[in-house]
Structures are given as structure tokens and as C-alpha cells.
Amino acid sequence: MELNSADPDFLARLDALLPDGTLRAPEPRYLEEPRGRFVGQAGAVACPRTVEDVSTVLRAANEARVGVVPLGGGTGLVGGQLMPDGPAPLVVSLERLTAVRATYPEENVLIAEAGATLANVQAAAEAVGRLFPLSLASEGTAQLGGNLASNAGGLNVLRYGNARDLCLGLEAVLPTGEIWNGLTRLRKDNTGYDLKNLLIGAEGTLGVITAASLKLAPRPAVTGVALFVVPSVEAAITLLARARDMVGEGVSAFEIMHAQGFDFLREHLPELRQPFAKPPEWSVLIELGLGQGQSAEAALTGLFAETVTDGVVSDGMIAQSGAQAAALWALRENIPEANRRIGSVSSHDISVPIRRIPDFIPEARAALLAIDHSFRINCFGHLGDGNLHFNVFPAKGRDRADYEALRGAVKDCVHGLVHAYEGSVSAEHGVGRLKVEDLERYGDPTKLAAMRAIKAALDPNGIMNPGAVLRA
């Protein structure tokens with residue numbers, strides 16, 4: 001079904017329905033994404049202040065068959081937040097819907113609007129002595145609605161789950177403009193289809209999330225951070241099992257890093273102090289969060305003593321202060337920034353069954369170097385939940401543009417192997433527009449047919465984020 005552009009006539013009619021100042025011209029910041037792979041377009045940007053304003057916008061767009069692109073913080077990495085071609089859409093930015101509406105610390109619940117940044121939601125939870133555990137490198141600008149729309153993962157999935165696992169209910173506007181008031185605080189509510197989990201992860205293709213009821217957790221009484229050197233990925237998996245045997249769900253994060261990542265940090269962020277004169281091939285950053293009467297430092301010391309004896313760990317350091325812990329985390333959290341400064345030939349957000357990762361990594365590396373022996377490969381990520389960022393970079397002194405002709409072959413190589421290993425080509429970043437073809441190639445046909453049927457039922461005019469997730 002053909003869509004219409006958000007042309008001056010449509011915008012004039014819409015402007016008359018909305019409070020003054022809701023519509024604005026599309027500044028560059030609304031049309032850009034972090035990797036520079038896409039540049040968007042828009043007839044205008046709507047910045048609603050209330051859910052009722054969002055309802056007005058979607059109802060008018062649906063009646064006029066004008067495409068709508070919902071926008072959160074714009075930190076997505078698969079192009080889901082902008083539309084590069086086709087009839088000019090209306091961008092709907094949630095930046096004014098920023099309120100934390102209520103907190104219920106005794107219930108471990110917080111209700112916040114979709115435009116609240118993840119950092120502000122975390123701060124609101126901390127203010128009532130609770131933890132909202134979703135944690136991303138971009139949490140200062142990433143917004144709650146975008147986190148939910150993409151089912152964001154991040155650093156603490158191992159213990160607390162993805163964004164989906166941290167949400168109890170939603171307020172959302174459907175493509176027709178109808179408002180769904182689903183901000184339940186209940187943990188048990190078996191009353192039919194789960195619309196919440198349909199909208200979470202849909203990347204704005206089924207409606208606009210405007211607020212969410214979130215699960216909070218008790219704040220750990222003590223935390224501990226350590227960086228352990230391991231001789232192999234296999235050893236890292238053994239270390240994870242040993243840590244969980246020792247402290248159970250007290251393992252909050254378990255991040256693996258390759259020497260290439262440390263080299264990139266030294267190359268582009270030399271101000272970050274590195275703990276090793278020569279980076280080890282593999283190292284693991286581990287964080288524990290324990291309860292009253294427990295010692296995270298003692299647990300990490302015991303884990304090191306146990307695993308160094310049988311060669312699972314060869315070296316390491318345990319943070320002795322909050323500043324030291326922050327310095328260790330800074331290394332992990334700045335790897336994406338170093339990657340960005342270099343510019344990848346192709347980046348891959350993948351997941352593989354944990355037990356198969358030690359086989360996958362060398363096979364994928366060998367296959368890529370067979371395409372071009374000069375590639376630099378930086379593999380790092382959330383080993384505890386099987387999510388790797390397996391990114392391919394140009395040789396030192398060269399630019400990613402030099403390899404543009406190989407980009408498709410690189411992506412096909414990695415994603416083909418991931419599929420063969422029964423993994424996912426999109427672990428936490430979503431599909432967006434970047435991976436629509438991958439979803440068609442590797443996705444289950446029955447699932448895709450069901451997704452298209454759901455899209456047609458809820459959005460028959462196809463106005464919601466056209467071309468994202470499913471081909472327009």
C-alpha cells in the first residue's frame with residue numbers, strides 16, 4: 001500500500017490539531033545515527049508533550065496514510081530510528097515525555113515516560129534505594145521507549161535479563177490513535193494475549209510506547225570488580241561456571257575482551273590507563289553484587305585462588321576501591337568508542353550458544369582472514385549470555401572505505417556461520433533497516449508469516465516505521 005509524504009498540506013492540518021510548538025523543522029540531529037550508515041528524511045518532527053498528543057498525531061497520520069518514524073535517543077545501531085528513502089515521513093520524537101510518574105519501592109516498581117533517559121530512570125530508582133539494572137554505554141542519551149522498542153540488552157542481562165524482562169506494563173498508542181492503558185504493576189496477570197511483549201522489541205512498527213511500568217531490584221549491599229586473564233575462551237566459560245557455583249546469581253556481569261580491543265584503546269584513547277604492559281589475548285571483566293554480611297572481595301579472591309591453581313586463570317587484579325572498579329569498567333565501556341573512531345568494515349551483534357562459542361570464534365576468524373588477511377578482528381562482549389560483538393576493521397593506516405567492496409561478503413560470512421551454529425544475527429541491537437534482508441534469509445518462515453499477519457492486523461495502512469524489521 002502506497003504511503004503519502006508528510007507534505008505542507010498534511011502538516012498544516014496536523015498543526016491545527018496540536019498545541020503550539022509541537023511541530024518543528026527536521027534538524028540534522030533527528031536524521032542521523034551513530035555509525036553514519038544511514039541518513040534519514042522527514043517532512044517535520046512532532047515533539048508531543050502528552051500521550052493524548054501522540055494519539056492525535058497517529059490518528060491524523062493513519063487517516064492520511066503518512067509514515068511515522070518513532071524516535072527515542074537515536075542511539076540505535078541498525079537504522080531503525082530513521083527512514084532514508086520513500087515518501088517523507090513524520091518523525092515523532094518522545095523527548096518531551098520525560099517524567100518519572102511514580103515509584104513504589106515496597107513493590108519494586110517505577111513508572112516512567114518513554115522519553116526519560118536510562119540514566120535518569122536509574123537515578124530515580126537509586127533515590128528510593130532500589131536498582132533499575134538495565135545498563136548500556138549510551139545510557140546518558142538512550143531513552144526508555146527506545147530501549148523497550150528494541151528490547152535492549154547491555155551489561156547485566158546475565159543476572160537481570162533484557163529490557164523485556166524488566167517491564168511489567170506499558171502505555172502505548174496504536175497506529176489508529178487508540179491509547180492502550182496497560183501500566184499494570186502486577187506480576188501475575190493471565191488475561192489473554194500479551195500485548196506488552198508484542199510491542200517490546202517491535203521497533204516502533206506496531207505502535208508508539210509512551211510510558212512503562214518497570215521492575216526494580218534491591219541494590220546489592222556490596223559489589224566487587226575484577227579483571228582476570230584467561231588462556232582461552234574455553235577457560236573463560238569454565239571461569240563463569242565456577243563463579244556461579246560460588247555465588248549463584250551474585251554474578252552481575254561477565255564480559256570477555258580480546259587483545260585487539262586493548263590495542264584499539266591504546267591507539268585512540270591513550271588517556272585510559274591500561275593494567276597490562278602487553279594486553280593478554282583474552283581477559284574477563286567480572287562484577288559481583290552480593291547481600292548484607294557477604295564480602296565481594298573475599299569471593300573474588302577465593303575464585304582467583306581456586307582457578308589459578310588449575311590454569312583456568314593465569315593473572316588478574318581485584319579492584320580495591322570504587323575508583324579502581326570504575327577504571328576497569330572504563331576499559332570495557334570505551335571499546336565501542338575506540339571502534340567507532342577507527343570505523344568498522346562490518347560490525348556484527350550476534351549470539352551463539354555459549355558452549356559453542358570456543359569453536360565459533362576461530363572458525364569465523366579463519367574464514368574472514370581468508371577473505372582478506374589484513375583484517376583486524378575485535379571480538380568482545382557479554383559472554384555470560386552468549387552475546388558477542390564480532391567486528392571487522394581495516395588494517396592500521398587504512399580506512400573502511402578501502403574495503404567497501406568486501407563489506408557484503410564479510411557480513412554474509414559471519415552471519416552464515418552464526419546461523420550454522422544455531423545462533424542469532426541480532427542479539428541485542430534489533431533488526432531495524434540494516435538487517436531486514438538477514439531476517440528474511442535466516443528467519444523461520446512460519447515466524448515471519450505470523451509477524452506479517454500481526455503487522456497487517458494492527459497497522460493495516462503500514463504507517464508505523466515503514467521498512468523497519470519487515471520490508472515495506
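Numbers here are sequence positions counted from 1. Because the structure is a prediction, the values reported are computed rather than measured.
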Between the CG atom in Asn339 and the CD atom in Gln260, the distance rounded to the nearest 0.5 Å is 9.0 Å
The complete set of ring pair (Phe, Tyr, Trp, His ring centres under 6.0 Å) pairs with one or both residues in residues 304-344, sequence neighbours excluded, reads Phe228-Phe304
Separation between CG (Leu470) and CG (Leu448), nearest 0.5 Å, reads 7.0 Å
Sorted by chain and number, sequence neighbours left out, side chain to side chain donor-acceptor pair (under 3.5 Å) with Thr191 holds for Asp189
Sorted by chain and number, sequence neighbours left out, salt bridge (Lys or Arg N to Asp or Glu O under 4.0 Å) with Glu255 holds for Arg332
The side-chain contact (heavy atoms from CB on, under 4.5 Å) partners of Asp444 (sequence neighbours excluded) come to Thr446, Lys447
**Asked** Is a donor on one side and an acceptor on the other found under 3.5 Å between the side chain of Glu306 and the backbone of Leu303?
**Response** no
### Query
Does a side-chain heavy-atom distance below 4.5 Å link Val128 with Tyr104?
no
**Prompt:** Side-chain donor-acceptor pair under 3.5 Å between Thr238 and Glu234, yes or no?
**Reply:** no
Heavy atoms of other groups near Glu437 CD, more than 12 under 6.0 Å: no
Next on the checklist: If only side-chain N and O atoms count, and only distance matters, is there a donor-acceptor pair under 3.5 Å linking Glu33 with Gln81?
Outcome noted: no
Notebook entry, point to check: Hey, mind stepping through Leu183 and Arg101 against side chain to side chain contact (heavy atoms under 4.5 Å, CB included) and telling me if it holds?
Noted result: CA-CA 11 Å; Leu183 286 176; Arg101 294 184 185 175; 3.6 Å; yes
Task: Check: Leu206 main-chain N/O paired with Lys455 side-chain donor or acceptor under 3.5 Å - done: no
Problem set entry | Exercise: do Glu428 and His382 side chains pair donor with acceptor under 3.5 Å | yes
Residues at least two apart in sequence or cross-chain that pass salt bridge (Lys or Arg N to Asp or Glu O under 4.0 Å) with Glu363, listed by chain then number, are none
The side-chain contact (heavy atoms from CB on, under 4.5 Å) partners of Arg356 (sequence neighbours excluded) come to Val352, Pro353, Tyr421, Glu422
With sequence neighbours left out, the residues meeting ring-ring contact (aromatic ring centres under 6.0 Å, His included) with Phe38 are none
Item to complete: Mind running side chain to side chain contact (heavy atoms under 4.5 Å, CB included) on Tyr193 and Leu195 for me, showing each step along the way?
Response: CA-CA 6 Å; Tyr193 300 156; Leu195 187 55; over 6 Å; no
Salt bridge (Lys or Arg N to Asp or Glu O under 4.0 Å) filter on Asp310, not counting sequence neighbours, yields Arg242
query = Is a salt bridge present between Arg159 and Glu249, judged by a nitrogen-to-oxygen distance below 4.0 Å?
reply = no
| request: Please report the C-alpha distance between Arg29 and Glu95 in whole Å, then the side-chain angles of each, then the deciding distance to 0.1 Å, and finally whether the salt bridge (Lys or Arg N to Asp or Glu O under 4.0 Å) criterion is met. | output: CA-CA 12 Å; Arg29 65 189 176 99; Glu95 64 193 73; 3.7 Å; yes
Side chain to side chain donor-acceptor pair (under 3.5 Å) filter on Thr141, not counting sequence neighbours, yields none
Worksheet item: Going by atom types only, do Glu287 and Ser252 share a side-chain donor-acceptor pair under 3.5 Å?
Response: no
*Please walk me through it: do Arg187 and Asn108 pass side-chain hydrogen bond (donor to acceptor under 3.5 Å, both in side chains)?*
CA-CA 11 Å; Arg187 283 166 167 77; Asn108 283 321; over 6 Å; no
* Is there a donor-acceptor contact under 3.5 Å from the side chain of Asp349 to the main chain of His429? -> yes
Check: Ala330 main-chain N/O paired with Asn334 side-chain donor or acceptor under 3.5 Å: yes
Mutual orientation of the aromatic rings belonging to His389 and Phe380 [parallel < 30°, tilted 30-60°, perpendicular > 60°]: tilted
inquiry  = For Asp53, is there an ion pair with Arg49 - N to carboxylate O distance below 4.0 angstrom?
reply    = no
Contacts of Glu203 meeting side-chain contact (heavy atoms from CB on, under 4.5 Å) (sequence neighbours excluded), chain-then-number -> Val78, Val431, Val469
query: Would you say the side-chain atoms of Asn391 and Arg376 include a donor-acceptor pair closer than 3.5 Å?
result: no
key: Full working for side chain to side chain contact (heavy atoms under 4.5 Å, CB included) between Arg365 and Phe360   = CA-CA 8 Å; Arg365 180 180 294 274; Phe360 169 81; over 6 Å; no
Rounding to 0.5 Å, atoms CG (Leu31) and CG (Leu71) come to a distance of 9.0 Å
dist Ser351:OG -> Asn387:CG (nearest 0.5 Å) comes out at 6.5 Å
Next item on the list: Could you tell me whether Lys215 and Asp165 make a salt bridge, using a distance below 4.0 angstrom between a side-chain N and a carboxylate O?
Entry: no
**Message:** Using a 3.5 Å distance criterion without hydrogens, assess whether the side chain of Ser150 forms a donor-acceptor pair with backbone atoms of Gly146.
**Reply:** yes
Exercise for review: With the side chain counted from C-beta on, respond yes when Val392 and His348 share a heavy-atom pair under 4.5 Å apart, and no when they do not.
Suggested key: yes
To the nearest 0.5 Å, atom CE of Met257 lies from atom CG of Asn378 at 10.5 Å
### Query
Between Arg341 and Glu337, is the closest basic N to carboxylate O distance under 4.0 Å?
yes
| message | Whether the side chain of Arg164 engages the backbone of Asn197 through a donor-acceptor N/O pair (distance < 3.5 Å, no angle test) should be reported. | response | yes
Donor-acceptor pairs under 3.5 Å, side chain of residues 269-286 to any protein atom, not counting sequence neighbours: which ones?
residue : atom : partner : partner atom : Å
Gln274  : OE1  : Arg266  : NH2          : 3.0
Gln274  : NE2  : Phe262  : O            : 2.8

The salt bridge (Lys or Arg N to Asp or Glu O under 4.0 Å) partners of Asp438 (sequence neighbours excluded) come to Lys411
Interatomic distance, CD1@Ile209 vs NZ@Lys196, rounded to 0.5 Å, equals 10.5 Å
Main-chain N/O of Gly343 paired with Arg400 side-chain donor or acceptor, under 3.5 Å: no
- Derivation and outcome, side chain to side chain contact (heavy atoms under 4.5 Å, CB included), residues Arg441 and His415: CA-CA 10 Å; Arg441 178 181 300 180; His415 286 179; over 6 Å; no
- Query: In terms of heavy-atom contacts, does CD of Glu106 have more than 12 from other residues, nucleotides or ligands at under 6.0 Å?
  - Reply: yes
